Protein chains: 2
Amino acid sequence: MTQASERPGRRPTIADIAARAGVSPTAVSFALNDRPGISEQTRARILAAVAELGWRPNVAARALGGRRADTVGLVVARPARTLGVEPFFAQLVSGLQARLSTDLVALQLLVVEDMSAELDVYRRWAAERRTDGVVVLDLEQDDPRPEELVRMGLPAVLVGGDGTPGPVPAVFADDHAAMTALAEHLAALGHVQVGHVGGIPAYVHSARRVAALHDAGSRLGLHVTTVPTDFSQDEAAAATRALLARDERPTAIVYDSDVAALAGVTVLAEAGLSVPGDVSVASFDDSELVRLAHPPLTAMTRDTFELGELVAATTLSLVRGERVPDVVGAPTPELTVRGSTGPVPGGAA
Amino acid sequence: MTQASERPGRRPTIADIAARAGVSPTAVSFALNDRPGISEQTRARILAAVAELGWRPNVAARALGGRRADTVGLVVARPARTLGVEPFFAQLVSGLQARLSTDLVALQLLVVEDMSAELDVYRRWAAERRTDGVVVLDLEQDDPRPEELVRMGLPAVLVGGDGTPGPVPAVFADDHAAMTALAEHLAALGHVQVGHVGGIPAYVHSARRVAALHDAGSRLGLHVTTVPTDFSQDEAAAATRALLARDERPTAIVYDSDVAALAGVTVLAEAGLSVPGDVSVASFDDSELVRLAHPPLTAMTRDTFELGELVAATTLSLVRGERVPDVVGAPTPELTVRGSTGPVPGGAA
DNA sequence: GACGCCGACTAAAGCGCTTTAGCATCGACA
DNA sequence: TGTCGATGCTAAAGCGCTTTAGTCGGCGTC
């Protein structure tokens, strides 16, 4: 408690510091912001006063002067309750957080109903100068958000996208290559009938995965059947049952998310099918959940935490007016083979 | 795009509205804040101008005038990477978020290394007027945070605690009663040797659970062995192995968290033990993970999302200066029996 | 008819910081 | 010797809003 204020009970302001250091408030401001025009001596005196009085900037006052809010926003248009389920999301937020906090930038989280509510929030934030920039998830085909954000003048960074330059910079991981690797793994094991429990087709990354799997399939001689879902466990379970009911029952099933894969494994167990004896299972998203399953699932591993850090770093650069490439490359997810994929049953392999 | 500004390119301010409505800025401010002294007529005219110009308050300017920042903070002192794993945490944040956002209050998230860093953040936030209040997790024995927060004048709400009034209000769920119910369930199934993979002993809620289980045990004739862990899967697995290696091998194991329980189940499977045939398993935390396990685990169910909402509502009341009870009761977790608990093997039951 | 009061509104100050314009002072240079 | 340009600093305005201290006209009261 070394804090002492000139006017007791009040938090020290730069005026207090100025008085203590025997200079004008302007000089204090200059010293604090590393602007030229202050001698080393004076600067030192000012900084000493700052330390003695325990002064901290009042963010509101700073922001009023048209400065940064030192806050980055993340608006998610998904049912709030589902967020707790998706490890991807929590990991991403942790990563974002970790990087932002080293620069003392805060993360504002907001969960909304749908995209129109999301856009409203952006408008509000832009108007209120509440955030310096935002991170945008779940890009859709013909997504209106990038353009709207540009129009509002709110800096934004996209997570995902299709790898082509757009109105706002994107951090992009090559799902296409990853899915191709997964297809090759299954083909090498002799699988031909491959089921795919996909995500929401409107999402660009879901669509890319579907395309990649089918492309690779036609090249490798796989018969791929995709069933789209809304990423929920119920739909994933239903999709699994639908795949099992087909005439040509798949000998391998690829799930777009870890949660979906677990739901699928449960369905397979209920159906009395062994993994990977009867059906091989692979998850596109790796996570703790997937590792804890029986057997642990083969999955495409990527470091979502690291992805979050990369997105955060990109956003910080953008906000600070540095040049940011249109597309920032994130590491391509890599195949981690675990016990859930094996040779096709009764196959030649 | 009906927005039009008096001074093109600039966002409308109350001065613009005042001009348009033919009143003074003061009148606009009064109208916007529902203060008396403005006729209905004038008020309507002002609000019309607000709508026409698409005016939004500048939060910074508001905050400068000593008002709320409309932001609640949450600082978590845990390794950032572990957050993605814990469904509890994500659910809590979702719930907080959901309740706060209905009042247009933002949630600031910050992950730090340890409690001293956490306290630093509180100090900074208090000084910068960045948040109106904070939510505090993971209360420890002799935790310095409540008192420090009171000293800083930063309103705070505790999640957890021991149910006794402290310097700051707490939202409290009766873990003791919950753990007792779980013990009774196991006793009814004939179990006597009960293992307990606990959490971090320094945490008040962990300690309460241990105490509850042992109390109930001595009442019901259970032999309870608690092994503390740091909540990580590695330690949970190790603890499970330690329990299995004991002379009196437990016929039932209680895990303090869902993630720990899953890790434990994996260890049991590797040891060739069936659940619940050889060993019954119960998790104190319920979650999607637990439901997806094989077999689905018996667990104490509580609505963590709802808990988050309750905490948020309490914090909002506190911040607004309303009276808040010292201890706000959250629903006691309820026992959900699933397939992982069964009669003691070879027992009389 | 003077007085006080009330309702409706305004002027102006102030919140804490940044920024622009400007003012001395001093050395260098022609 | 006078001018120019740095250098180091200050005065003052301004950011957008809230709030305090009025002002002003009208109405009721004695």
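All figures in this text were calculated on a predicted structure; none of them were measured in a lab.
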[X] side chain N/O closer than 4.0 Å to the phosphate oxygens (OP1, OP2) of [N]?
{"X": "Arg62(B)", "N": "dG16(D)", "answer": "no"}
{"X": "Ser29(A)", "N": "dT18(C)", "answer": "yes"}
{"X": "Asn58(B)", "N": "dC15(D)", "answer": "no"}
{"X": "Arg35(A)", "N": "dG8(D)", "answer": "no"}

[X] [atom1] to [N] [atom2], straight-line distance once rounded to whole Å:
{"X": "Ile46(B)", "N": "dC17(D)", "atom1": "CD1", "atom2": "C1'", "value": "14 Å"}
{"X": "Ile14(B)", "N": "dC17(D)", "atom1": "CD1", "atom2": "C1'", "value": "5 Å"}
{"X": "Leu53(A)", "N": "dC17(C)", "atom1": "CG", "atom2": "P", "value": "12 Å"}
{"X": "Asn33(B)", "N": "dC17(D)", "atom1": "CG", "atom2": "C1'", "value": "9 Å"}
{"X": "Leu32(A)", "N": "dC17(C)", "atom1": "CG", "atom2": "C1'", "value": "10 Å"}
{"X": "Ile17(A)", "N": "dG16(C)", "atom1": "CD1", "atom2": "C1'", "value": "11 Å"}

> How many angstroms lie between CZ in Arg124(A) and CG in Leu154(A), if you round to the nearest 0.5 Å?
Replying inline: 12.0 Å
> Hey, what do you get for CG (Leu74(B)) to CZ (Phe89(B)), rounding to the nearest 0.5 Å?
Replying inline: 5.0 Å
Has [X] got a side-chain atom pairing as donor or acceptor with [Y]'s backbone, closer than 3.5 angstrom?
{"X": "Asp132(B)", "Y": "Thr71(B)", "result": "yes"}
{"X": "Thr304(B)", "Y": "Leu307(B)", "result": "no"}
{"X": "Asp143(A)", "Y": "Glu140(A)", "result": "yes"}

> Where is the tightest heavy-atom contact between Ser101(A) and Val111(B), given as atom of each residue plus distance?
Replying inline: OG-O, 4.1 Å
Distances under 3.5 Å between nitrogen or oxygen atoms of protein and nucleotides 6-13 of chain C:
from: dC9(C); atom 1: OP1; to: Thr42(B); atom 2: OG1; distance (Å): 2.6
from: dC9(C); atom 1: OP2; to: Ser39(B); atom 2: N; distance (Å): 2.7
from: dC9(C); atom 1: OP2; to: Ser39(B); atom 2: OG; distance (Å): 3.2
from: dC9(C); atom 1: OP2; to: Thr42(B); atom 2: OG1; distance (Å): 3.2
from: dT10(C); atom 1: OP1; to: Ser24(B); atom 2: N; distance (Å): 3.4
from: dT10(C); atom 1: OP2; to: Ser24(B); atom 2: N; distance (Å): 2.9
from: dT10(C); atom 1: OP2; to: Ser24(B); atom 2: OG; distance (Å): 2.8
from: dA11(C); atom 1: N7; to: Thr26(B); atom 2: OG1; distance (Å): 3.4
from: dA11(C); atom 1: N6; to: Thr26(B); atom 2: OG1; distance (Å): 3.0
from: dA12(C); atom 1: N6; to: Thr26(B); atom 2: OG1; distance (Å): 3.2

> Reading nucleotides 22-28 of chain D 5' to 3', which nucleotides get B (base under 4.0 Å from a protein heavy atom), which S (sugar-phosphate only), which -?
Replying inline: -------
>> If the helix axis at each end comes from five base pairs, how far does the helix from dG1(C)-dC30(D) to dA30(C)-dT1(D) deviate from straight, to 10°?
In response: 60°
> Is a salt bridge present between Asp34(B) and Arg43(B), judged by a nitrogen-to-oxygen distance below 4.0 Å?
Replying inline: yes
> Does a salt bridge link Arg145(A) with Glu148(A), judged by any charged N lying under 4.0 Å from a carboxylate O?
Replying inline: no
[X] atom [atom1]: more than 12 heavy-atom contacts under 6.0 Å:
{"X": "Glu322(B)", "atom1": "CD", "result": "yes"}
{"X": "Asp114(A)", "atom1": "CG", "result": "yes"}
{"X": "Gln141(B)", "atom1": "CD", "result": "yes"}

